[in-house]
Amino acid sequence: MNFKKNVIPLLFLVFISQAFASCQGQENQNRTPIQHQNPDQLKESLIDANKKRMQEESENIDNYVALNNYKMNISQTGIRMMIVKEGKGPQPKLLSDISIKYKINLLDGTYIYSSDSSGVLSFIVGQSNEPSGLQEAVLSLKEGSKSIIIIPYYLAYGLTGDGDKIGAAQSLVYQLELIKVRNN
């Protein structure tokens with residue numbers, strides 16, 4: 001996901017909390033204002049915190065996979081995928097126009113969206129606002145394939161969520177069928 005997009009709000013909150021704390025009176029005079037903190041140390045602490053969060057999320061996903069007895073492959077980026085039915089049609093590539101049927105849940109089973117209520121989702125791979133993890137995952141399917149795909153939050157809607165039903169730092173479980181591939 002877009003690292004700058006996710007870190008800027010966090011840095012803004014840190015700045016505001018530091019400014020607020022510095023206005024609280026004598027008890028906070030020993031605090032180091034954020035502008036005097038070493039930027040490299042701040043960057044390292046943010047990176048370490050993000051690595052820890054990603055590791056915890058990977059463990060949560062592994063627990064979900066084990067609980068459901070799924071036999072899933074894992075990509076280098078952390079996407080888990082299990083082919084339920086192998087398709088016979090063409091495989092999409094970058095800039096393919098595809099259509100999918102889907103159902104999205106959270107790891108705790110909470111229903112989020114589906115094509116039954118929202119309609120079939122069509123997009124151009126690589127030129128869409130759809131999560132990068134979804135775009136990556138469909139590239140390994142063939143038209144007609146049905147699969148279960150688990151996308152970690154950092155390849156879904158990141159630390160901000162989608163502003164509607166998907167909250168901050170939530171991994172998504174897709175039950176997906178690739179129904180149409182139009183390669184250009």
Side-chain angles (χ1 to χ4, degrees), residues 1-11 43 46-65 70 72-84 87 89-108 110-115 118-184:
M1 206 75 207
N2 186 337
F3 182 75
K4 288 183 181 178
K5 178 181 173 186
N6 295 330
V7 172
I8 289 173
L10 180 61
L11 290 173
K43 180 180 175 183
L46 289 172
I47 290 171
D48 289 344
N50 195 43
K51 283 181 185 178
K52 182 179 179 189
R53 175 175 256 172
M54 290 171 65
Q55 179 60 38
E56 289 170 355
E57 190 62 15
S58 182
E59 291 169 8
N60 290 339
I61 293 171
D62 289 343
N63 291 337
Y64 176 87
V65 168
Y70 290 152
M72 301 189 108
N73 295 318
I74 184 169
S75 73
Q76 290 181 342
T77 59
I79 297 170
R80 275 64 163 197
M81 183 183 299
M82 180 174 79
I83 305 294
V84 176
Q91 190 166 345
K93 54 189 176 186
L94 204 54
L95 303 180
S96 293
D97 187 4
I98 66 162
S99 298
I100 61 172
K101 289 183 182 177
Y102 63 94
K103 179 180 175 188
I104 305 171
N105 289 67
L106 301 179
L107 292 176
D108 69 4
T110 302
Y111 167 83
I112 301 296
Y113 302 111
S114 77
S115 54
S118 302
V120 170
L121 176 62
S122 296
F123 62 91
I124 296 174
V125 180
Q127 289 187 341
S128 169
N129 289 331
E130 295 304 318
S132 62
L134 176 61
Q135 295 189 60
E136 176 187 334
V138 298
L139 290 172
S140 62
L141 300 174
K142 292 181 180 177
E143 186 178 274
S145 293
K146 292 183 179 182
S147 62
I148 298 172
I149 301 167
I150 304 173
I151 302 175
Y153 76 89
Y154 53 88
L155 295 173
Y157 290 92
L159 295 173
T160 60
D162 74 346
D164 190 10
K165 294 181 180 180
I166 300 170
Q170 291 187 312
S171 295
L172 304 177
V173 180
Y174 280 81
Q175 293 177 18
L176 186 139
E177 180 180 3
L178 181 56
I179 59 173
K180 188 69 179 164
V181 175
R182 290 169 294 283
N183 287 321
N184 299 326

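Counting from 1, the numbers follow the sequence of the chain as shown. Quantities reported herein were computed from a predicted structural model and do not represent experimental measurements.
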inquiry  = To the nearest 0.5 Å, what is the distance between CD1 on Ile151 and CG on Leu172?
reply    = 6.0 Å
query = So Leu134 and Leu176, side chain to side chain contact (heavy atoms under 4.5 Å, CB included) or not? Walk me through it.
reply = CA-CA 10 Å; Leu134 176 61; Leu176 186 139; 3.5 Å; yes
ask   = Can you find a pair of side-chain heavy atoms, one from Ile74 and one from Ile61, that are under 4.5 Å apart?
value = no
Glu177 side-chain N/O to Lys101 backbone N/O, donor-acceptor pair under 3.5 Å = no
request  = Quick one: list whatever passes salt bridge (charged side-chain N to carboxylate O under 4.0 Å, His left out) with Arg182, sequence neighbours left out.
outcome  = Asp97
task = Rounded to the nearest 0.5 Å, what's the gap from OG1 on Thr77 to OH on Tyr154? Could you check?
result = 6.5 Å
ask   = Quick one: CD on Glu59 to CD on Glu56, what's the gap to the nearest 0.5 Å?
value = 7.0 Å
key: Gap separating the OG1 atom of Thr110 from the CD1 atom of Ile104, nearest 0.5 angstrom   = 13.0 Å
ask   = What do the steps show when you test Tyr174 against Ile148 for side chain to side chain contact (heavy atoms under 4.5 Å, CB included), and what is the final call?
value = CA-CA 6 Å; Tyr174 280 81; Ile148 298 172; over 6 Å; no
Test side chain to side chain contact (heavy atoms under 4.5 Å, CB included) applied to Gln127 and Leu95, step by step = CA-CA 7 Å; Gln127 289 187 341; Leu95 303 180; 3.6 Å; yes
ask   = If you measure from CD1 on Ile98 to NZ on Lys93, what distance do you get to the nearest 0.5 Å?
value = 14.0 Å
task = Find the distance between CD1 (Ile100) and CD1 (Ile149) and round it off to the nearest 0.5 Å.
result = 8.0 Å
remark   = Residues Leu139 and Pro92: closest non-hydrogen pair is CD2-O, 3.7 Å
task = Using modelled atom types only, decide if a donor and an acceptor are shared between the side chain of Ser140 and the backbone of Ala137 within a distance under 3.5 Å.
result = yes
key: Residue pair Lys142 / Gly89: nearest heavy atoms and the distance that separates them   = CB-O, 3.4 Å
inquiry  = Does Lys165 have more than 12 heavy atoms from other residues, nucleotides or ligands lying within 6.0 Å of its NZ?
reply    = yes
key: Exercise: identify the closest heavy-atom pair between Gln170 and Tyr153   = N-CB, 3.4 Å
query = For Glu130, does its backbone N or O pair with a side-chain atom of Gln135 as donor and acceptor, under 3.5 Å?
reply = yes
ask   = side chain to side chain contact (heavy atoms under 4.5 Å, CB included) between Val65 and Met82: does it pass, once the steps are laid out?
value = CA-CA 10 Å; Val65 168; Met82 180 174 79; over 6 Å; no
message = With a 3.5 Å distance limit and no angle check, can you tell me whether Ser147 reaches the backbone of Ile83 through a side-chain donor-acceptor pair?
response = no
request  = Sorted by first residue and then second, give each salt bridge (charged side-chain N to carboxylate O under 4.0 Å, His left out) pair with at least one member in residues 73-82; sequence neighbours left out.
outcome  = Asp62-Arg80
key: Heavy-atom side-chain proximity of Tyr113 to Asp164 below 4.5 angstrom   = yes
message = Looking at Lys103, is its backbone amide N or carbonyl O close enough to the side chain of Tyr111 to form a donor-acceptor pair, meaning the two atoms are under 3.5 Å apart?
response = no
query = Can you name the nearest heavy-atom pair linking Leu106 to Ser171, along with the distance?
reply = CD2-O, 3.8 Å
Contact check, side chains of Leu107 and Asn63, non-hydrogen atoms, under 4.5 Å = no
query = If every non-hydrogen atom of Gly87 is compared with every non-hydrogen atom of Ser145, which pair is closest and at what distance?
reply = N-OG, 2.9 Å
request  = Write down the atom of Leu155, the atom of Pro131, and the distance for their closest heavy-atom approach.
outcome  = O-CB, 3.4 Å
inquiry  = Check whether Ser99 reaches the backbone of Ser122 with its side chain - one donor and one acceptor, N or O, closer than 3.5 Å.
reply    = no
